[in-house]
Amino acid sequence: MCKYLIKEMESEEEINGKAYVHYKSWHETYTGLVDTEYMSGITLEKCIKIAQKWRENILVAKDGDKVIGFVGYGAYRDATLSDHGEVYAIYVLEEYHGLKVGYALMNAALKKLTDYKKIAVWVLKDNNKAIRFYERYGFRFDGTDTEIMLGTPNTEQRMIYERN
């Protein structure tokens, strides 16, 4: 059971905390998977700008006053799966891995997506820790891949969660 507070992102402190988690988690997660030059462009300032613009459908995990994780969710982003919800992003600071914070965030996001029987998530190929997390949660690869440019070409793979 997760002992951390999961709530909608509301205050400036939470927006800045979400930005820090975004920045720090990218560097903890993608160093070695994504082009080094591209990674150097993922700055805290850039993540603050993103957090200021994207305030809707964000839940944060907090340990006291500290934001330690977040999840973004909503309708699937294009018409290919118009009947699906999507988890757009889920990140937890590395020091909180293994403490069920990610599961608590995913549970809360899926509660917000109750109108959807199926939920999609995209994961970077070879991001084995994230893939294991999604598989343990019940997501399965559906065979759909896409190439994205993160300095160099990278492959994202789609996984689907289906409610019973």
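Nothing fancy with the numbering, it's 1 onward along the sequence.
Once rounded to the nearest 0.5 Å, the distance linking CD1 of Ile119 with OH of Tyr137 reads 9.5 Å. Between Ile42 atom CD1 and Lys24 atom NZ the span is 14.5 Å, to the nearest 0.5 Å. In this structure, Ile68 CD1 and Glu94 CD are separated by 13.5 Å, a value rounded to the nearest 0.5 Å. One finds the NZ atom of Lys66 at 6.0 Å from the CG atom of Leu93 (value rounded to the nearest 0.5 Å). In this structure, Ile148 CD1 and Lys125 NZ are separated by 13.0 Å, a value rounded to the nearest 0.5 Å. Rounded to the nearest 0.5 angstrom, Met106 CE and Leu59 CG are separated by 11.5 Å.
Side-chain atoms of Asp63 and Tyr96 form a donor-acceptor pair, as typed in the model, at a separation below 3.5 Å. Residues His84 and Lys117 have side chains that never bring a donor and an acceptor to within less than 3.5 angstrom of each other.
The minimum heavy-atom distance linking Tyr116 with Asp83 is given by the pair CD2-O, 3.4 Å. Closest approach of Ala51 to Lys18, counting heavy atoms only: CB-CD, 3.8 Å. Nearest approach of Leu44 to Tyr23, heavy atoms of both residues: N-CD1, 3.4 Å. In terms of heavy-atom proximity, Tyr91 sits nearest to Val21 at O-CG1, 3.8 Å. In plain terms, the two heavy atoms of Ala61 and Val101 that are nearest each other are CB-CG1, 3.6 Å. Of all non-hydrogen atoms in Ile131 and Met159, the two that sit nearest each other are O-CE, 4.3 Å.
Looking only at side-chain heavy atoms (C-beta outward), Asp35 and Tyr30 stay at 4.5 Å or farther from each other.
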**Request:** Report the C-alpha separation of Trp26 and Thr43 in whole Å, then their side-chain angles, then the decisive distance to 0.1 Å, and conclude whether the side chain to side chain contact (heavy atoms under 4.5 Å, CB included) test is met.
**Result:** CA-CA 10 Å; Trp26 257 77; Thr43 63; over 6 Å; no
**Prompt:** After noting the C-alpha distance and the side-chain angles of Thr146 and Thr155, does the key distance pass the side chain to side chain contact (heavy atoms under 4.5 Å, CB included) rule?
**Reply:** CA-CA 6 Å; Thr146 189; Thr155 300; over 6 Å; no
**Request:** Give the C-alpha distance, both sets of side-chain angles, the deciding distance and a yes or no for side chain to side chain contact (heavy atoms under 4.5 Å, CB included) between Ile50 and His22.
**Result:** CA-CA 9 Å; Ile50 292 168; His22 188 179; 4.0 Å; yes
**Request:** Could you walk me through whether Ile48 and Asn16 pass side chain to side chain contact (heavy atoms under 4.5 Å, CB included), step by step?
**Result:** CA-CA 6 Å; Ile48 289 171; Asn16 289 330; 4.1 Å; yes
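Not a single donor-acceptor pair under 3.5 Å links the side chain of Asp142 to the backbone N or O of Arg140. Side-chain N or O atoms of Glu8 include none that pairs as donor or acceptor with a backbone N or O of Asn57 at under 3.5 Å. Tyr88 places a side-chain N or O within 3.5 Å of a backbone atom of Ala75 that can act as its donor or acceptor partner. The main-chain N or O of Glu37 is found under 3.5 Å from a side-chain atom of Ser40 such that the two form a donor-acceptor pair. When atom types are taken as modelled, the side chain of Arg158 and the backbone of Gly143 share no donor-acceptor pair closer than 3.5 angstrom. Distance alone, capped at 3.5 Å, places no donor-acceptor pair between the Trp122 side chain and the Leu124 backbone.
Within 6.0 Å of CD in Glu56 there are 12 or fewer heavy atoms belonging to other residues, nucleotides or ligands. Within a 6.0 Å sphere centred on CG of Asp65, other residues, nucleotides and ligands contribute 12 heavy atoms or fewer.
Figure legend: Lys112 and Tyr73 shown without cation-pi pairing, the cationic atom not lying both under 6.0 angstrom from the six-membered ring centre and within 45 degrees of its axis.
Listed by chain and number, the residues in a ring pair (Phe, Tyr, Trp, His ring centres under 6.0 Å) with Phe139 are Tyr134, Tyr161 (sequence neighbours excluded). Residues satisfying the side-chain hydrogen bond (donor to acceptor under 3.5 Å, both in side chains) test with Tyr103, not counting sequence neighbours, are Arg136. With sequence neighbours excluded, the residues forming a side-chain hydrogen bond (donor to acceptor under 3.5 Å, both in side chains) with Arg55 are Glu12, Gln52, listed by chain and number.
Salt-bridge formation is detected for the pair Glu14/Lys62: a Lys NZ or Arg NE/NH1/NH2 atom is positioned less than 4.0 Å from an Asp or Glu carboxylate oxygen.
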